[in-house]
Amino acid sequence: MSINSMVENLRKNKDLPDADLKTLIESAGCEAEVETALFLNADEVRKDYYGIDVYIRGLIEFTNYCGNDCYYCGIRAGNGKAQRYRLSTEEILACCKEGYELGFRTFVLQGGEDEAFSDGIICDIVSQIKALYPDCAVTLSLGEKSYDSYKAYFDAGANRYLLRHETANAEHYRRLHPADMSLEKRKQCLFDIKEIGYEVGTGFMVGSPYQTTEHIIEDLRFLQKLQPDMIGIGPFISHQSTQFHDFENGALHLCLRLLAILRLMFPYALIPATTALGTIAGNGRELGLKAGANVVMPNLSPIKFRKQYDLYDGKICTGDKAAKCRVCIEGRVAAAGYKIVVDIGGVKREGGRPAGK
Ligand code: SAH
């Protein structure tokens with residue numbers, strides 16, 4: 001089958017047999033042909049659902065203490081060199097205030113798995129944000145919790161939860177995480193989050209150590225089961241103080257092809273052009289948008305702590321004030337041909353326009 005008909009089938013059926021997915025993902029010897037077809041179709045589909053709108057999410061990295069020891073991550077528990085910090089409730093609310101004034105209508109609270117933030121404290125933070133900014137969505141990204149904890153945060157007003165599955169292959173998962181973590185547990189968390197009623201975001205790293213094309217296809221199959229609202233992917237980037245310091249970073253073009261494949265398989269999805277993508281290439285996020293992404297997540301964390309949320313080496317946007325980041329991202333989005341909107345930016349499951357319109 002020709003590359004063009006594979007891409008057309010993917011668009012029409014939102015699915016392809018494994019062998020065809022493998023051809024598109026690897027695109028061995030036909031990268032230009034595959035990418036031309038993928039990016040063109042992905043951009044048309046994203047415009048059907050979302051026009052040229054790009055949603056912004058204000059990222060507040062509120063703690064880098066973490067009880068987990070994910071081998072790839074710079075803030076893992078075992079990294080004794082990491083300088084740890086936590087934001088107070090007042091500092092978090094100050095980030096939201098600044099963000100609201102800059103036009104953010106979603107706040108993403110992300111952190112390590114930090115027991116100092118009890119469920120009571122998280123619920124208090126969430127309800128204070130929702131009381132002050134009832135027109136905003138609160139997204140949490142705090143890792144693996146019990147059903148009851150997820151439920152408590154939801155009842156306190158949290159709307160969305162981000163938890164990447166990282167890899168859907170159990171053996172690969174074990175090579176990236178210590179023995180006390182499991183893929184089963186992570187999947188259970190995701191299904192709990194969904195059942196409770198959150199908009200759910202998941203995703204995986206591209207080019208993580210030992211990842212194969214077959215693993216990536218398993219990731220796509222898992223996403224088909226979960227049907228998440230948001231799908232975040234970004235390149236693995238090595239961190240000097242982890243056991244993976246000598247591994248190569250994920251490849252830009254593999255990420256871009258996967259973004260386009262995700263857009264065609266999940267046309268409704270919220271798909272960010274991630275900071276990691278912008279880290280491996282100066283125009284990575286712009287290219288991501290052109291390949292089908294429709295969300296960007298600028299940083300609202302206080303400048304003095306930005307460098308310490310050190311997931312991987314070379315992370316961008318650690319020095320500029322939120323207002324400057326906002327202007328910078330606006331320019332980048334416009335240069336790519338899209339437009340940032342001041343909007344809560346919910347998922348559009350049925351956004352497709354009729355053919356020909
Ligand atoms: N504790 C939260 C937040 C983790 S950080 C949680 O468990 O969900 C957010 C994401 O950063 C992770 O899900 C992971 O996919 C990504 N990340 C961590 N280390 C990385 C690295 N070295 N390169 C690229 N992405 C990384």
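One is the number of the first residue; the rest follow in order along the sequence. One-based numbering, in listed order, for ligands and for the atoms of each.
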Residue and atom name of the nearest protein heavy atom (relative to atom 19 (N) of ligand 1), distance in Å to one decimal: Y72 CD1, 3.4 Å

Within-shell test, H239 vs ligand 1, heavy atom, strictly < 4.0 Å: no

Check: Y312 ring centre within less than 6.0 Å of F236 ring centre: no

Pairing of R76 and D69 as salt bridge, 4.0 angstrom limit: yes

Residues E98, K321: salt bridge by 4.0 Å N-O rule: no

For atom 3 (C) of ligand 1, closest protein heavy-atom neighbour: G111 O, 3.6 Å

Neighbour count >12 (heavy atoms, 6.0 Å) for atom CD, Q227: yes

Protein contact of atom 21 (C) of ligand 1 - nearest heavy atom, named by residue and atom, plus distance: I237 O, 3.5 Å

Passing candidate, ring pair (Phe, Tyr, Trp, His ring centres under 6.0 Å) with Y198, options F191, Y153, Y161, Y147: Y161

Atom indices of ligand 1, in the order listed, that fall short of 4.0 Å to a heavy atom of L311: 5 (S), 11 (O), 19 (N), 22 (N)

Ring geometry between Y72 and H177 (parallel below 30°, tilted from 30 to 60°, perpendicular above 60°): perpendicular

Candidate with minimal heavy-atom separation from atom 10 (C) of ligand 1, of E61, R186, R164: R164

I3 side, atom CD1; E33 side, atom CD - distance, nearest 0.5 Å: 5.0 Å

Proximal ligand 1 atoms for C73, defined as those under 4.0 Å from one of its heavy atoms: 19 (N)

Heavy-atom nearest neighbour in the protein, as seen from atom 15 (O) of ligand 1, with distance rounded to 0.1 Å: E166 OE1, 2.7 Å

Point-to-point distance, once rounded to the nearest 0.5 Å, from OH of Y49 to CG of L270: 12.5 Å

Whether G250 lies under 4.0 Å from ligand 1, heavy atom: no

Nearest-contact summary for atom 17 (N) of ligand 1 - protein heavy atom, Å: M205 SD, 4.1 Å

Protein heavy-atom partner closest to atom 24 (C) of ligand 1 - residue, atom, separation in Å: P235 O, 3.2 Å

F104 six-ring face occupied by R57 cation (under 6.0 Å, within 45°): no

Closest protein heavy atom to atom 9 (C) of ligand 1, given as residue, atom name and distance to 0.1 Å: Q110 NE2, 3.6 Å

Closest candidate by heavy atom, reference atom 6 (C) of ligand 1, pool G232, G143, S208, G201: G143

Test item, H245 contacting ligand 1 (heavy atom, 4.0 angstrom): no

4.5 Å side-chain heavy-atom contact, T139 and M230: no

Residue, atom name and distance, where the atom is the protein heavy atom closest to atom 8 (O) of ligand 1: L163 CD1, 3.7 Å

